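Because only heavy atoms are used, hydrogens play no part in the values below, and waters and symmetry mates are left out as well, while side chains stay in. All values derive from a computational prediction rather than experimental measurement.
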Number of protein chains: 2
Amino acid sequence: MLVDQILLHINKGKFAANQKLPSEHELADQFRVPRMIVRKAYERLQELGYIYSMQGKGSFVKDRKKQIPLVFSKDVSFSEKMRELYSDYYSENVGCEPIPYHTEIYPSLSTDKDEQVYKIRRLRFLGKLPIALHTSYISESLFQDIGELGNTITSMFEYYRSKGYTDVYSEKSILSVIFPTEFEREILQCSSLVPLLLLESRCLDRETGTVLEVSKIRYRSDCFTYII
Amino acid sequence: MLVDQILLHINKGKFAANQKLPSEHELADQFRVPRMIVRKAYERLQELGYIYSMQGKGSFVKDRKKQIPLVFSKDVSFSEKMRELYSDYYSENVGCEPIPYHTEIYPSLSTDKDEQVYKIRRLRFLGKLPIALHTSYISESLFQDIGELGNTITSMFEYYRSKGYTDVYSEKSILSVIFPTEFEREILQCSSLVPLLLLESRCLDRETGTVLEVSKIRYRSDCFTYII
DNA sequence: TTTCATGAACTTGGCAACAAGGTAAATTGA
DNA sequence: TCAATTTACCTTGTTGCCAAGTTCATGAAA
């Protein structure tokens, strides 16, 4: 497979960032294959985020951000942990809106069909790089002011503390791998073949056992390793 | 994006398994796009493992195995856990061979440069479906008979027990997402765009703290969710 | 000397025509 | 009537050509 071979070269560090790759014709002659094969390989590498091509100019290697270790933890807020470790970590609220009835989320929150559940999304950054999209589903019946305040929250952990829930924890998480939708590609600034780690869990108050939120976090898998 | 739209249809269950999809021409006319666009979309779906195409016949949807939950655990052997949960789980030894010096593995095992480290690979099955490739690196200095026995081991856990290490545990694991190499594609019977979960850790004897093995497990991400 | 226009030689991007494989109905021959 | 063969038409796969964008050298004009 041509893609594998080119990747090998790139990963070996044989190409510097933004260095021009051989033209499609050149590489085709070199490997004795039709240009279409090289073309497909280059297209694939583009979608994987390794190179970029410009009509008339050529194809160039992207500077590959190296994989930074992140720590998955159970008891501590993701934000708190990250702020400890990385000084340039910050969150940005990217919207709060009511959602229609959902057959899994509503029961998880012990919410009736006629009550309202809100979806609050925060984008997590490390420097200028968006690393994760955090979506929290919480019920209006438990948090009356969420409709108004939802747009301002960047840390649910702090919000819960302000409501008197001082000891919250996360349930067992379900991990799966998905590819980004168009919205996720745009907001996470990644190409279509960058897999996302989807971590689903619920957040509970330890004292009462109340389910505070259903949480879905989508992590970019290309610039991080995760310690579990 | 055309791929997203077609996937939406497939995931909605609008297409039965092995049902024929519209021909490239047909879909091109329908969406008012050149055939090449449809072609690319179909090719992508093939590589993602959703459909298959046959020259002269058409394109058909693959039957999508649903995602089965697996449990990541620290203290118990993966094999033991799986055998408890699934009756049709089994392992197959796919080779044992000495490796050349490696700058990360050797120090991890506290092994000198002139000693030999073996790579033992087992393939994990659920029914006929290969779900994971487990690679263990262990040092000959600690296990003298590994060169002869290596080809027969399907559970390292049992092997360690036979050597007197009854209480072994796994260190903190590092999780990352990779795409399969040609070898991995073949052995795991998956297409090139099926991401693999790579779980790296070390296995230690609790009593003495001896590092028994460096372990790398590659899980197919397309037919499983993982509980952590 | 400087500046701008021109065009040749490269690049990637896109498309149409062709090749090759499969199916089924129509045709042929016994 | 039945089986073998041909034919027409569908499918996906491949190839080669041309369009479009960029660069750079050349040379004429200011």
Side-chain angles (χ1 to χ4, degrees), chain A residues 1-10 14-64 182 185-186 189-194, chain B residues 1-10 14-64 182 185-186 189-194:
Chain A
M1 198 99 190
L2 229 188
V3 179
D4 300 310
Q5 293 190 51
I6 303 172
L7 262 185
L8 217 71
H9 276 86
I10 293 180
K14 286 210 172 185
F15 296 109
N18 296 312
Q19 186 183 334
K20 187 175 175 309
L21 289 163
S23 80
E24 295 174 353
H25 263 299
E26 221 172 308
L27 213 62
D29 290 347
Q30 198 175 312
F31 281 90
R32 314 281 173 89
V33 292
R35 179 167 81 106
M36 213 54 195
I37 302 291
V38 180
R39 227 181 126 50
K40 276 188 188 169
Y42 274 13
E43 271 174 8
R44 167 63 57 86
L45 289 171
Q46 262 189 84
E47 289 165 324
L48 287 171
Y50 286 96
I51 69 171
Y52 60 94
S53 300
M54 295 170 74
Q55 186 174 154
K57 294 190 74 170
S59 300
F60 309 84
V61 313
K62 272 193 189 177
D63 58 334
R64 193 90 184 134
E182 196 158 6
R185 283 200 294 272
E186 199 169 319
Q189 291 171 37
C190 61
S191 43
S192 59
L193 287 185
V194 171
Chain B
M1 198 99 188
L2 229 188
V3 179
D4 300 310
Q5 293 189 50
I6 302 172
L7 261 185
L8 218 71
H9 277 86
I10 293 179
K14 285 210 172 183
F15 296 109
N18 296 314
Q19 184 183 336
K20 187 175 175 309
L21 289 165
S23 80
E24 296 174 353
H25 262 299
E26 220 171 310
L27 214 61
D29 289 348
Q30 198 173 314
F31 281 90
R32 314 284 174 85
V33 292
R35 179 168 84 104
M36 219 52 199
I37 301 289
V38 179
R39 221 182 132 52
K40 276 187 187 170
Y42 273 13
E43 271 175 5
R44 167 65 57 86
L45 289 170
Q46 261 189 87
E47 288 164 325
L48 287 171
Y50 286 96
I51 70 171
Y52 61 94
S53 299
M54 295 170 74
Q55 185 174 157
K57 294 191 74 171
S59 300
F60 309 84
V61 313
K62 271 194 189 175
D63 59 336
R64 192 94 184 130
E182 196 158 2
R185 283 198 294 272
E186 199 169 319
Q189 291 170 37
C190 62
S191 43
S192 59
L193 286 185
V194 172

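Across C:dC15, D:dT12, C:dT11, the shortest atom-to-atom separation from the side chain of B:Met36 is found for C:dC15. Residue A:Pro34 places its side chain closer to D:dT15 than to any other of D:dT15, D:dT12, C:dT12.
Direction change of the helix axis from one end of the helix from C:dT1-D:dA30 to C:dA30-D:dT1 to the other is 30°, with five pairs defining each end axis (rounded to 10°).
Each of B:Leu21 and A:Gly56 has a nearest nucleotide on DNA chain D; the 5'-most of these lies closest to B:Leu21. Mapping A:Ile37 and A:Met54 onto DNA chain D by nearest heavy atom places A:Ile37 closer to the 5' end of the strand.
For the pair B:Ile6/B:Leu27, a side-chain contact is recorded, criterion being any heavy-atom separation below 4.5 Å from C-beta on. In this structure the side chain of B:Tyr42 reaches within 4.5 angstrom of the side chain of B:Pro22, judged on heavy atoms. Looking at heavy atoms from C-beta onward, B:Leu21 lies out of side-chain contact with B:His9 at the 4.5 angstrom threshold. B:Ile10 is listed as a side-chain neighbour of B:Ile51, based on a closest heavy-atom distance under 4.5 Å. Contact of the A:Arg44 side chain with the A:Leu2 side chain is not registered, since no non-hydrogen atoms from C-beta on lie closer than 4.5 Å.
Taking atom CD of A:Gln55 as the reference point, atom P of D:dA19 lies 13 Å away to the nearest angstrom. A:Lys40 places its NZ atom 17 Å from the C1' atom of C:dT12, with the value rounded to the nearest Å. Nucleotide D:dT22 holds its P atom 11 Å from the CZ atom of A:Phe60, rounded to whole Å. What separates CG of A:Asp29 from C1' of D:dG16 is a distance of 14 Å, to the nearest Å. What separates NZ of B:Lys20 from P of C:dA24 is a distance of 12 Å, to the nearest Å. The interatomic distance linking A:Tyr42 (OH) with C:dG13 (P) rounds to 11 Å, in whole Å. The CZ atom of B:Arg39 sits 15 Å away from the P atom of C:dA16 (whole-angstrom rounding). Rounded to whole angstrom, the span from the CD atom of B:Glu24 across to the C1' atom of C:dG22 amounts to 15 Å.
When the side-chain nitrogen and oxygen atoms of A:Ser53 are compared with OP1 and OP2 of C:dT12, none of them lie within a distance under 4.0 Å. Using a 4.0 Å cut-off, some side-chain N or O of B:Ser59 falls inside it from OP1 or OP2 of D:dT12. Remark: B:Lys57 is in phosphate contact with C:dT23, judged by side-chain N or O atoms under 4.0 Å from OP1 or OP2.
Put simply, the side chain of B:Arg35 and the base of C:dG14 share no donor and acceptor less than 3.5 Å apart.
Using modelled atom types and a 3.5 Å distance limit, the side chains of A:Ser53 and A:Gln46 yield a donor-acceptor pair.
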Open item on the list: Please evaluate residues B:Val38 and B:Phe31 with respect to the criterion side-chain contact (heavy atoms from CB on, under 4.5 Å), reporting the C-alpha separation (whole Å), side-chain torsions for both, the decisive distance (0.1 Å), and the verdict.
Closed with: CA-CA 9 Å; B:Val38 179; B:Phe31 281 90; 5.8 Å; no
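Among the atoms of the strands shown, none is found under 4.0 Å from any heavy atom of B:Glu43.
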